[in-house]
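These notes are about the structure you will find just below.
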Amino acid sequence: MTITKNQIKTHGLKINEYEKIKELLGRDANLLELGIFSAMWNEHCSYKSSKIHLKRLPTRSSIVIQGPGENAGVIDIGDDDAIVFKIESHNHPSFIEPYQGAATGVGGILRDVFTMGARPIALMNSIHFGSPQNKKTQNLLSGVVSGIGGYGNSVGIPTVGGETKFNSTYNENILVNAMAIGHANKNKIFYSKAKGLNKSVVYVGSKTGRDGIHGATMASAEFDENSEEKKPTVQVGDPFTEKLLLEACLELMKDNSIISIQDMGAAGLTSSSVEMASKGKLGIELNLNKVPCRENNMTPYEMMLSESQERMLIILDDKKEVEAKKIFDKWDLDFVVIGKTTNTNRLVLNFDNQKVADIPIAALSDEAPLYDRKWTKVKLSKNKIKIKDLKKIKIEDALIKILSSPNHSNKSWITDQYDQVVMCDTVQKSGGDSAVIRIHDKDKAIAISVDSSANYCKADPKSGGKQIVCENWRNLISVGAKPLAITNCLNFGNPEKPKIMGEFVECINGIKEACEFLNFPVVSGNVSFYNETNSKSISPTPVIGGIGVFNNIKKILNIKTKKPGNLILAIGKTLGHIEQSAFLKENFSISDGPPPEVNLTNEKNNGLAVLKLIKENFVLSAHDISSGGMLVALAEMSMASKLGLKIYKPKKLINSIEYFFGEDQGRYLLEIDKTNLKKIESSLKKSNIFFEVIAEIQNDMFEIEKTFSIKVNDLYNHNNKWYHGFNAVN
Amino acid sequence: MKFSVTVTLKKDVLDPQGKIVGQTLKNMGIKNLNQIRQGKFFEIDMDEKDSIKAEKQVKEMCEKLLANQIIEDFKINKAE
Amino acid sequence: MKFSVTVTLKKDVLDPQGKIVGQTLKNMGIKNLNQIRQGKFFEIDMDEKDSIKAEKQVKEMCEKLLANQIIEDFKINKAE
Amino acid sequence: MKSSVIVFPGSNCDRDVAIALEKLQFKNSMIWHKETELPKSDLIVVPGGFSYGDYLRSGAIAAKSNILSEVINAGKKGALILGICNGFQILIECGLLKGALLRNSGLKFISKNILVKVQSNNNKFFNKYKTNEILKLNIAHNEGNYFTDKKHLEELENNELIPLKYCDEKGNINLKTNPNGSINNIAAIFNNNKNILGMMPHPERMVDKILSEEDGLGLFLSLMN
Ligand SMILES: Nc1ncnc2c1ncn2[C@@H]1O[C@H](COP(=O)(O)OP(=O)(O)O)[C@@H](O)[C@H]1O
Ligand SMILES: [Mg+2]
């Protein structure tokens, strides 16, 4: 049987790619081999369009133990403690079946973290939906949120934060990015590189079913009207089995029986076995009759391409099989030796005493296509928007409009569906700038933040890429943590289009520049292309997940103002950049002009100055200024504590709207005690940091001098309305 | 007019509940159990005399809400 | 030998799920819905030729595990 | 004081409750569900989580495990048993407590801090609190909507068998302050002898100042009395 053009196409491969396959094999492929190539060579697994650009990202620093290239990144947080973390997309499956898509996204990223020997300690996510007016949005939102909660809650890992955004650009392509963070002993990290000949290859976890066959191919294809037909590839998650697998793996990892371990994620058994062999420069031979199957009569093709969840592949030390099996028996999980490592450098599959596939490992990994795709520079808009040309609007009305908009409304409707405190180490839940998780049994903690700003990236991908790294860094500093490293998930349209590729390349350049400048390396990540339907692609949406560390658990800050009479200090200069702001978007539906400029030097200096003030115990609460500008940030601090603020009018001749709603970067709000003002001023002046005292805390009323006055409780109610109205049953 | 509806997972879709229930039953001594799969059951009472119209409505309910047709099948029965 | 089992909440037990499903259906425009109640459905496949014995076993499964008889009733059907 | 925490596959608050117990100097052992014997203990805790994935009915499958028959025996002999969240569901499924825990009325998982009012302190579990004291605790569940028949409800109300009810800051107990649809705002119940307590809120999540307020401490302190 020879492979037909149609078969090549349905496997998501190009004709010239198949020609290359023939060349590598020295013959025609059979259908199973074609399936294996298609799984390994698709965008999702091979990173064929992105690899050459990802290489530019800075991945090293003194605290990086493992950068990109493993299941997750690993950083050193002092003592023997390491943090293992990664973010990953599950966009396409979540659009097709929101509950299961999101749930299995969480499951997959958890496995990436515990495969490396870490106990997961927190989950975060970034979810983007279409316009609330879009008929599909409500259903997708409620499905995704309950899927994320359903999985994390059941496994018993707190979901402590993330972001939720609405924009019509995601109408037909939602984004579901999940991040997992784990804690490990830095001397006991497990890797996926196979070592040694004739070692047992062991399959553990759930049985293999027919689910998700070709899921990875789906994640690498544009949607069209026929996407309905792709439905059966949806996988169903079983968080209960994941919990057992987690406990069993961590138990087995206590001794030294594991040589290498790899979860079966996208492209299941295929990619896990190829990856282990490829990294170890070995061959692997599997007897497919041994694979635990859920259904009768499964074919080798189905077994190799199934994306059944909650499975792992382990290469075990010779003498440890009996002991290891005992552990998996205890947890009622399958444990079967399905093959061995070989010196052939080939993937050999046997079934019913016949060799059914025989492929050089390198053909599947090193020889996979790599493209330097054409890209074009993005045209930047220089348009200036003049407030005086717009219809007059009262400041308080504009504020309320922003606070009650879907993008800025309080997210408790979502976060109340997530168990945020299970494991009893959550110092700070979602709602602040970063989540804070204590390292179990120790007096130290980490901060975690997840951020994106697609509007900025759309307007200027490079500047937007920089901005989002900076915002993430700011969020970590605002709780008092020292930023250490990031993971990133790059969500884009079709890379075969030069315009989209241009957005991608420039975003990466921006991220690279900011990460280098801030010494904030990238240690893991994921790329999701083809977020495009009927040729309409999403705005470029890089999502950054950052980790910071506290060495003193007593110096953790939140955004809640503490005491009437205290002052609010703004760090960083307010120039009033109003283009691309939430103010224009929510009040005038304008999203034109350039995003705010990012000045890396200011960003760094301001951030370090804030950390210093925190260290010196001068800061009582803190918040960074981001979407919505200064007034929204002030309102958020007020609503968190239910204390009011008296805000001073801007002293200089700057328009109040621009002053209060401009989104200039590099700014923070700090609550300080009046009596410390002098000392703080002199310290900041010495380091050349721009600052101004902008408000005083008071009871009940949130007001701008001589402008307006509103009860904090009313602001709170405006801020808490939208989700409940949107999701009400009636 | 009364109907009952059964909603079951499509063949080949993982049924984690059924799996655990089956294991538990076996542990409880039911050795000759081949398989058990779990689904949903609805009893529906409609204020509608026209049985064709009522059945059409029930079908609509299934398609729009009761069953997730991506992973589930449904079956409508007219109750006696 | 195949059976199906339906497990339903007893009449006087509150059915929060059915209630919300019912409300949602009404909001979706099905005005003539009197009531909907949600239960569970099991498809059981037994490796047993003796139908009396098999049915006895299914009954045992229901009593001991599948239904919580304090709040639920069950009904066994032999599948064709 | 000796305590035992029973661990099922899928339990996930077992470590949390053990830490709370140890903090208060209980000598605690973790007991795996497959064990057939229970060490002698003054307190048996069935912790929260998703035993067996909450499949079928939450708690139903754990209720059939080996160790549960030991727990039942101990309970009948008067041992103190505390079931938290999924533990409450398990105690109901195995018959040690009466009634049922249905899906939350909003059909969503709810996780948040809530307030409960202590209805009576005349028992082993709440003697360190004042009657009518308002506590802030955390809930996290899908099925916490307690339901029982009229007769049993009267029994519960008349015999001080409902130690906690959901309320607001002012202590109001009504539909608005009811997070999950529970009948009479019930958050916890006793058996007739008051040696077995099932509660939906998690006291073990409120014992560490760095993380939260400490309203849960009183329960563990009471048990030491
Ligand atoms: N945007 C990115 N930045 C840095 N590293 C990345 C990025 N995208 C992918 N990687 C790295 O490439 C490797 C392969 O990723 P992936 O295929 O998502 O892994 P898995 O199969 O475990 O899900 C990982 O080590 C990942 O961290
Ligand atoms: Mg992986």
Side-chain angles (χ1 to χ4, degrees), chain A residues 93-101 103-104 107 135 139 142-143 146-147 150-151 154-155 205-213 227-245 292-299 302 306-311 331-334 729, chain B residues 2-48 54-76:
Chain A
S94 302
F95 184 76
I96 290 174
E97 211 306 285
Y99 184 94
Q100 293 297 342
T104 51
K135 271 213 295 250
N139 194 24
S142 95
S146 46
Y151 208 97
S154 178
V155 181
S206 281
K207 291 188 187 347
T208 297
R210 291 198 172 94
D211 24 8
I213 292 175
S227 295
E228 302 282 304
E229 285 172 24
K230 297 192 170 129
K231 277 174 177 177
T233 63
V234 168
Q235 316 114 341
V236 171
D238 178 5
F240 172 59
T241 300
E242 179 102 336
K243 167 75 173 163
L244 305 187
L245 188 60
C293 287
R294 205 165 74 215
E295 324 287 344
N296 294 331
N297 306 323
M298 283 188 59
T299 63
E302 290 169 330
S306 158
E307 294 198 344
S308 289
Q309 300 288 297
E310 294 96 18
R311 302 177 299 161
W331 292 99
D332 294 320
L333 294 167
D334 274 306
V729 183
Chain B
K2 292 188 177 173
F3 294 85
S4 75
V5 169
T6 57
V7 177
T8 51
L9 283 168
K10 290 199 160 126
K11 202 175 145 272
D12 290 349
V13 171
L14 175 70
D15 174 17
Q17 307 215 52
K19 194 178 110 192
I20 294 294
V21 171
Q23 263 176 30
T24 309
L25 289 169
K26 280 191 187 163
N27 291 342
M28 287 166 61
I30 316 247
K31 300 291 173 213
N32 52 353
L33 176 69
N34 278 338
Q35 206 194 22
I36 177 164
R37 283 173 74 81
Q38 181 168 341
K40 294 191 193 109
F41 182 71
F42 297 93
E43 294 168 309
I44 301 173
D45 182 7
M46 301 284 293
D47 189 8
E48 178 62 65
E55 187 152 346
K56 224 182 103 197
Q57 282 190 306
V58 173
K59 185 153 173 262
E60 189 193 332
M61 282 152 61
C62 289
E63 288 169 347
K64 291 210 176 139
L65 187 71
L66 304 183
N68 174 354
Q69 287 184 85
I70 294 161
I71 49 173
E72 293 171 331
D73 292 324
F74 62 88
K75 214 174 125 195
I76 300 172

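The chains referred to below are lettered A, B, ... by the order of the sequence lines, with proteins before strands, and numbering in each begins at 1.
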**Request:** Show your reasoning for whether side-chain hydrogen bond (donor to acceptor under 3.5 Å, both in side chains) applies to B/Asn68 and A/Glu97.
**Result:** CA-CA 9 Å; B/Asn68 174 354; A/Glu97 211 306 285; 2.8 Å; yes

**Prompt:** Looking only at heavy atoms, what is the nearest atom pair of A/Arg294 and B/Asp12, with distance?
**Reply:** NH2-O, 2.8 Å

**Message:** Quick check for you: to the nearest 0.5 Å, what is the distance between B/Leu14 atom CG and A/Glu295 atom CD?
**Reply:** 9.0 Å

**Part of A/Ser206 within contact of chain B (heavy atom distance under 4.5 Å)** = side chain

**Prompt:** Considering all heavy atoms of both residues, which atom of A/Ile96 and which atom of B/Ile70 are nearest to each other, and what is their separation?
**Reply:** O-CD1, 2.9 Å

**Message:** A quick test of your reading: do over 12 heavy atoms of other residues, nucleotides or ligands sit less than 6.0 Å from NZ of B/Lys31?
**Reply:** yes

**Asked** Hey, is NZ on B/Lys59 packed in by over 12 heavy atoms from elsewhere, all under 6.0 Å?
**Response** no

**Message:** Quick check: do A/Thr241 and B/Pro16 have side-chain heavy atoms less than 4.5 Å from each other?
**Reply:** no

**Item:** Backbone N/O of B/Val13 and side chain of A/Arg210: donor-acceptor pair under 3.5 Å
**Value:** no

**Message:** Between B/Lys19 and A/Asp238 (salt bridge meaning N to carboxylate O under 4.0 Å), is one present in this structure?
**Reply:** yes

**Complete:** Applying a strict 4.5 Å limit to non-hydrogen atoms, the region of B/Ile20 in contact with chain A is side chain

